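No experiment lies behind these values; they were computed from the predicted model shown.
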Amino acid sequence: MINDWRIKFESKSMYFGFVQLSAYKRGGNTLLAELREAQEAALNLSMVVMSSAVDLGDIESPFGSVHSRNKEPIGLRLAATAKALVYNEKLVYQGPMIASAETNSTNEVVVKFDPSTLGNGLEMKPASCPAELNSSYCKGFELQTSDMQWHNASGVIQDSTQLVVSMENDTNAAIIAVRYGYSDWPIASLFNKEGFP
């Protein structure tokens with residue numbers, strides 16, 4: 001669609017910004033999570049940016065929970081992308097994007113992020129942080145083991161620039177993948193300090 005519009009508007013250098021879908025319907029499946037993942041594939045095209053609304057689901061909206069009544073945050077996020085990319089302002093305009101993930105010697109996953117998306121560092125919002133723990137430890141993560149099963153996991157911020165994710169249940173199986181917020185109504189807790197999820 002993006003390439004088609006660029007052809008029709010006769011502008012190969014046209015910027016595109018889009019909103020990644022927000023949380024929708026609390027419950028068990030991952031169809032919307034799969035669609036969010038497909039949306040991210042558009043970021044492989046040049047001059048395309050995404051603003052996440054995953055934290056803005058509105059369960060009480062009369063228009064459906066995916067259509068949040070709180071439009072201001074996503075408007076500000078889209079405006080930040082335009083300021084940064086179109087007007088060349090030096091500012092953070094998106095949330096933390098994974099650069100790499102590696103298993104360490106204690107069978108945890110160390111997740112490192114693209115420095116341009118970190119801003120002043122990582123932080124956890126209280127949506128999933130247990131009250132008795134500090135705000136750098138939160139849930140919403142999953143680790144996949146070599147038996148192809150996904151397991152609940154928790155993340156801990158280290159040095160405000162990386163995350164260490166560990167399984168909540170002990171297993172000897174090798175970890176092969178990590179994911180975060182992979183449900184239709186995910187726990188959205190990981191942000192940069194500029195407020196982008």
Side-chain angles (χ1 to χ4, degrees), residues 1-5 15-45 47-82 92-101 109 111 113-114 117 122-130 138-145 147-155 163 165 167-169 175-192 194-197:
M1 177 184 85
I2 292 171
N3 288 332
D4 182 56
W5 284 10
Y15 283 96
F16 274 85
F18 68 92
V19 177
Q20 187 180 40
L21 294 171
S22 71
Y24 178 69
K25 288 187 180 178
R26 293 183 181 171
N29 72 44
T30 60
L31 295 176
L32 200 60
E34 292 169 18
L35 182 54
R36 281 190 209 101
E37 188 174 41
Q39 285 182 296
E40 286 185 30
L43 297 176
N44 293 323
L45 298 171
M47 297 177 292
V48 174
V49 294
M50 174 183 77
S51 293
S52 179
V54 72
D55 60 319
L56 300 175
D58 182 353
I59 198 72
E60 296 177 4
S61 173
F63 311 109
S65 57
V66 77
H67 297 288
S68 174
R69 293 167 288 180
N70 187 7
K71 305 292 186 196
E72 185 178 14
I74 201 60
L76 293 171
R77 291 172 188 173
L78 287 167
T81 65
V92 176
Y93 61 88
Q94 62 185 1
M97 301 292 282
I98 293 175
S100 68
V109 176
V111 181
F113 296 88
D114 175 343
T117 66
L122 297 171
E123 71 176 355
M124 293 283 187
K125 300 278 182 166
S128 72
C129 299
C138 293
K139 300 179 184 245
F141 303 91
E142 294 175 282
L143 294 173
Q144 187 179 38
T145 49
D147 59 5
M148 305 310 287
Q149 298 298 309
W150 287 98
H151 304 270
N152 289 332
S154 299
L163 193 68
V165 181
M167 226 170 297
E168 293 177 2
N169 299 320
I175 296 171
I176 60 171
V178 61
R179 66 185 182 187
Y180 162 73
Y182 203 81
S183 69
D184 286 355
W185 192 283
I187 295 170
S189 58
L190 183 63
F191 291 73
N192 57 29
E194 285 70 19
F196 294 93

Practice task
Can you see which heavy atom on D184 is nearest to which on L31, and at what distance?
Solution key: OD1-N, 3.3 Å

Handout entry: Test item: I2 and M47 side chains (from C-beta on) under 4.5 Å apart, heavy atoms
Key = no

Handout entry: Flag side-chain contact, heavy atom, 4.5 Å: F191 against L122
Key = no

Handout entry: Sole residue of R77, E37, E40 in side-chain hydrogen bond (donor to acceptor under 3.5 Å, both in side chains) with Q20
Key = E40

Exercise for the section: Might you point out which heavy atoms bring T117 and P96 nearest each other, and give the distance in Å? Expected result: OG1-CA, 3.5 Å

Exercise for the section: Kindly indicate whether the side chain of Q94, heavy atoms from C-beta on, has any atom under 4.5 Å from the side chain of V49. Expected result: no

Exercise for the section: Please answer whether the main-chain N or O of L21 pairs with a side-chain N or O of R36 as donor and acceptor at a distance below 3.5 Å. Expected result: yes

Completion exercise
Heavy atoms of F196 and A80 approach each other most closely as CZ-CB, 3.9 Å

Exercise for the section: Considering non-hydrogen atoms only, spot the tightest contact between N192 and E123 and give its length. Expected result: O-OE2, 3.8 Å

Practice task
Kindly compute the distance separating CE (M167) from CG (L143), expressed to the nearest 0.5 Å.
Solution key: 5.0 Å

Completion exercise
Taken to the nearest 0.5 Å, the spacing of S22 OG from D55 CG works out to 9.0 Å

Exercise for the section: Please examine the side chains of Y180 and S189, heavy atoms only from C-beta on, and report whether any two atoms are closer than 4.5 Å. Expected result: yes

Completion exercise
Heavy-atom closest pair (V165 atom, A153 atom, distance to 0.1 Å) is CG1-CB, 3.6 Å

Exercise for the section: Please lay out, stage by stage, how L190 and M124 fare under the test side-chain contact (heavy atoms from CB on, under 4.5 Å). Expected result: CA-CA 5 Å; L190 183 63; M124 293 283 187; 4.0 Å; yes

Practice task
May I have the step-by-step check of side-chain contact (heavy atoms from CB on, under 4.5 Å) for F141 and L163, ending in yes or no?
Solution key: CA-CA 11 Å; F141 303 91; L163 193 68; 3.4 Å; yes

Practice task
Return the minimal non-hydrogen interatomic distance between T145 and H151, and the atom names on each side.
Solution key: OG1-NE2, 3.0 Å

Practice task
Find out whether I176 and M148 are in side-chain contact, i.e. whether some heavy atom of one side chain is under 4.5 Å from a heavy atom of the other.
Solution key: yes

Fill in the blank from the handout: Value for OG (S183) from CD (E142), rounded to nearest 0.5 Å, stands at 8.0 Å

Exercise for the section: Would you please indicate yes or no on a ring centroid separation below 6.0 angstrom for F16 and W5? Expected result: yes

